[in-house]
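Submitted below is the structure of interest, expressed as structure tokens.
All values below were derived from every heavy atom in this structure, side-chain atoms included, with hydrogens, water molecules and symmetry-related copies excluded. Please read these numbers as outputs of a predicted model, since none were measured by experiment. Lettering follows sequence order; numbering is per chain, from 1.
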Amino acid sequence: MPLELPYPPIFIRNEIRRGLPRIIQFIRHIPQPKYYKLFFHFIAMYVKAIPEKCCGCVMCEVVCSMKHWNVVNSYRSGIRVEKKNVIEDVPFVCSHGHLCNFECIDACKFDAMKKNDAGIVYVDYENCTGCRACERACPLHAVWIHEKKAYKCDLCGGDPECVKFCSQDALVVEV
Amino acid sequence: MCEILFAGCAGGGGVKMNGYGGSVLTVNLTTGEGVKKPLDEKLAARYLGGCGFGAYFMNRVVDAKVDAFSPDNALMVAPGLFVGTAVPTGGKTSFFSKSPLTGGWGEGVMGGRIGLSLKQAGYDMLILTGKAQKLSYLLINDNEVAIKSAEHLQGATTRDTADAIKEDEGKDVIVAGIGMAGEKLVRFAVIDCEDRQSGRGGIGAVMGSKNLKAIAVRGTHDIPVANPEKMYRVMAEAYTKLKESPAFQDDGKYGTGEFLEWMNKEKGTFPTRNWREGVFDRRQQIDPYYWAPRFAIKNKGCVQCTKPCGKAFVMEKFDGSLDGIEYETLFSLGGNCGIEDVEYVARANELCDLHGMDTISAGGVVGLVMDLYENGILGKEELGVDATFGNGEALLELIEKMARREGIGDLLAEGVKRIAEKIDSGAEAYAVHVRGMEPPAYDVRGIKGMALAFMTSPRGACHLRSGAYALELTGKFWKFEGVDRLSSRDKGYEIAQMENFMAVYDSLGVCKFSRGIYLLNFADMLDAVTGKPLSEDELVTIGERICTLKHIFNIKAGWKREDCRLPEKIHRPIPEGAAKGSFVSTEEEREMLDDYFAARGWDRNGIPGKKRLEELDIAEFME
């Protein structure tokens, strides 16, 4: 029987969620080996998009929906590429707390946006009602609602497929 | 907000078919009615998709004798079978119509996202007939079809059109539209979707003649596949294969123009200055090895492409950027007009993209004008510019005039064949075209198989309907070996087979630049997508069926064997370079055509016999 710690009340959880990433972002500026990961392991890696390299082939969208839903549908993908003009193709993808403060989790009233032990933010489809609160809250525009369900990156459980199929290396895994 | 001219729901239902959207949408632009019909499974099995569906529906819907600009002509859009199924490089969409330039079969393939969007909306074929009362755009929102006024977009460039429609309808609609050239019925106007163009032979002008500025599609449905696990495995294999191929490196760094130097120096078959020479002496700057590191900031790809060959080109002299420059454009706007400054080529390319014009044909026309100017047939007072070879400013001005049909541009917008006919006074000898279509960048005097391919291609001089240039220049490809490009023997079977091969690629929607890697080994992919694997032989039969149907459309439109002839310049030898002295004589022309018709099983006049048609199961199309 593993030791079970008491689950902290919501305001403390919120403090941890909001406060610690800020501390980590500060620590990351100090040129030290990345030992902090040993202590703050709930910040996951994330898929970093480099718009300067993106060729706009939307292979990432295709692969993502294929991997998760066994169909091709850009609207059910956790990454989306917006073609702004000839030279600007911008992929939008979740940073799992690296570039944000988990606004989607705070915004969700139905406890559908969750973070697992590895720090991956994912959608619990049993709870999701498609209320668009997370879509509006996300500062990176990396959550979308399609047919009353939220879609976002879940890192394929730690081994993102879109990164493997990006021929231009415009998507990289960043820790 | 723009005025809604018609809004309704496409009635009827689709079928659920693996790899397909499942329905065919016909929109009558005159009445605004949309009819949705389920896709016939037998049809799908016999024609695959894309260009196969085009060949079928063009013969069924369009009366081949109507004028290309009449409302009875139809404009069709068909995504290939592999569009939206995770096959790498399988994202091509075809556009069809009767061509105003050649008066026959018109077809164009693009890698824009419109096909994926259409398929997600549930359509494998979009047929537009009739003519809208005023300039409008078609909005397809899954099941809803609406025709909205686009009068505020009159004269807008292709990019502005897309931006404006996206602003009104939401960022996620995909827009394929025409520019100024399409509205003004320039006979080689094309359709543009996210800076990918389609429709050589003036399909953009057909769209303009229907008063249709753009097609905007939002498709949100799933595209199911038969075996997702296998699909994933096949995709990963194909991706690795593509990435490891040497073509990935070359295309990735320098684009499709990568072999420009080789074509000039080793083969001597880079048509230059309106096909006077086979080697461009001032090619240093238009060579991608020069400009790609200087001007290209990143690669650009078609949808689903894992070996992108486009380049995001940012100009310094001019304010602008474009997706290019492709090999054919380096020829048509560069070498063919004698332009050595790559920035002028880029700007001309951008103008063509903005106005929605085919760069090959536009370059062919400017090349002809420059040739006529230097030979004193056209004067400065008519043209308004000093159109000597190599004058970049003149190139830009002529293109601008052409797109707007201003002054001399009204004549130029008619295409090489009609210009030569109208000017007369010996201009015919300078006009380079086959059945009205301006030829692409392969000097067929030194690639004789391609000379035959130009003659037999259903849309006039075209390199992509057969794609035989790679085979001819390197000597081996697929099942052929030891092919001699300077001999005219045994070309019939070769070109016929290559045309079948390419028709399969167009119907599957696979990029032709991956043909060296995939060949016809699509059995696994088809098994994963539709659950019905097809062997190489079966695919070739389907390809032949499609090619024959396209030919039948041409015959119904008045095609004759006499139309299949090469321009006069091809009958004169190449003056210098590696292919020096080579030319195609009229006898060779005749022999090769005989050979081709025999290989196809058609009679001497190129009419398919009843027996052959029955073998291919398409006898009902020929009266």
Here's a test for you: under side chain to side chain contact (heavy atoms under 4.5 Å, CB included), which of B/C309, B/P308, B/C302 qualifies with A/C55?
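Result for side chain to side chain contact (heavy atoms under 4.5 Å, CB included) with A/C55: B/P308.
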Non-hydrogen atoms of chain A under 4.5 Å away: do they reach the side chain of B/T85, the backbone, both or neither?
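It is the backbone, since no side chain atom gets that close.
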Flag yes if more than 12 heavy atoms outside B/D319 fall under 6.0 Å of its CG atom; otherwise flag no.
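No.
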Keeping the roles fixed (side chain from B/K298, backbone from A/I87), state whether a donor-acceptor pair exists under 3.5 Å.
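A pair under 3.5 Å: yes.
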B/Y232-A/E161 side chain donor-acceptor pair, cut-off 3.5 Å:
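On atom types as modelled, these side chains qualify, holding a pair under 3.5 Å.
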Considering non-hydrogen atoms only, spot the tightest contact between B/Q304 and A/V62 and give its length.
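Looks like CG-CG2, 4.0 Å.
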In Å, rounded to the nearest 0.5 Å, how long is the span from NZ of A/K83 to SG of B/C193?
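Between atom NZ of A/K83 and atom SG of B/C193 there are 7.5 Å.
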Name the one of B/D172, B/D222, B/T220 that satisfies side chain to side chain donor-acceptor pair (under 3.5 Å) with A/Y75?
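Result for side chain to side chain donor-acceptor pair (under 3.5 Å) with A/Y75: B/D172.
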Best-contacting candidate, B/A162, B/G111, B/G310, B/G219, against chain A by heavy atom pairs under 4.5 angstrom:
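When all of B/A162, B/G111, B/G310, B/G219 are compared, B/G219 has the most.
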B/K317, NZ: over 12 other non-hydrogen atoms inside 6.0 angstrom
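Yes - once you tally the heavy atoms of other residues, nucleotides and ligands closer than 6.0 Å, there are more than 12.
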Is it the backbone or the side chain of A/K164 that comes under 4.5 Å from a heavy atom of chain B, or both, or neither?
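Just its backbone gets close to chain B.
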Where on B/K166 is there a heavy atom nearer than 4.5 Å to chain A: the side chain, the backbone, both, or neither?
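Contact with chain A: side chain only.
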Contacting moiety of A/D89, where chain B heavy atoms sit under 4.5 Å:
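Both backbone and side chain.
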Verify the neighbour count for atom NZ of A/K109: are there more than 12 heavy atoms of other residues, nucleotides or ligands below 6.0 Å?
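No.
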So which residue, B/R159, B/Q120, B/K119, B/M231, ends up with the most heavy-atom pairs under 4.5 Å with chain A?
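Of the candidates given, the most pairs with chain A belong to B/Q120.
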Can you tell me how far NZ of B/K307 sits from CD of A/Q168, rounded to the nearest 0.5 angstrom?
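These two atoms lie 11.5 Å from each other.
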Between A/C166 and B/K243, what is the shortest heavy-atom contact and its length?
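For A/C166 versus B/K243, the nearest heavy atoms are O-NZ, 4.0 Å.
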So do the side chains of B/I297 and A/E52 get within less than 4.5 Å of each other, counting heavy atoms only?
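B/I297 does not reach A/E52 side chain to side chain.
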Can you name the nearest heavy-atom pair linking A/S74 to B/L116, along with the distance?
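In terms of heavy atoms, the two residues are closest at OG-CD2, 4.4 Å.
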Looking at OG of A/S167 and CG of B/N299, how far apart are the two atoms once the value is rounded to the nearest 0.5 Å?
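A/S167 atom OG to B/N299 atom CG measures 8.0 Å (nearest 0.5 Å).
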Should the pair A/E61-B/R113 be classified as a salt bridge under the 4.0 Å nitrogen-to-oxygen rule?
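Judged by the 4.0 Å cut-off on N to carboxylate O distance, A/E61 and B/R113 do form a salt bridge.
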Provide the closest heavy-atom pair for B/A86 versus A/M59 in the form atom of the first, atom of the second, distance.
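Closest heavy-atom pair between B/A86 and A/M59: O-CE, 4.0 Å.
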Tell me, yes or no, whether the heavy-atom count around B/K241 atom NZ, taken from other residues, nucleotides or ligands under 6.0 Å, exceeds 12.
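Result for NZ/B/K241: open.
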Max heavy-atom pair count under 4.5 Å with chain B, selected residue of A/V71, A/V63, A/V86:
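Ranked by contacts with chain B, first place is A/V86.
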So for A/R76, is it side chain, backbone, both, or neither that comes closer than 4.5 Å to the heavy atoms of chain B?
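For A/R76, side-chain heavy atoms alone lie under 4.5 Å from chain B.
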B/A236 portion near chain A, given a 4.5 angstrom heavy-atom threshold
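Both parts, backbone and side chain.
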Are A/W69 and B/P228 close enough that some pair of their side-chain heavy atoms sits under 4.5 Å apart?
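The answer is no, as the side chains (C-beta and beyond) never meet within the 4.5 Å cut-off.
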Considering only heavy atoms and a distance below 4.5 Å, find which of B/I223, B/D195, B/L242, B/D163 pairs most often with chain A.
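Among the listed options, the one with the most contacts to chain A is B/I223.
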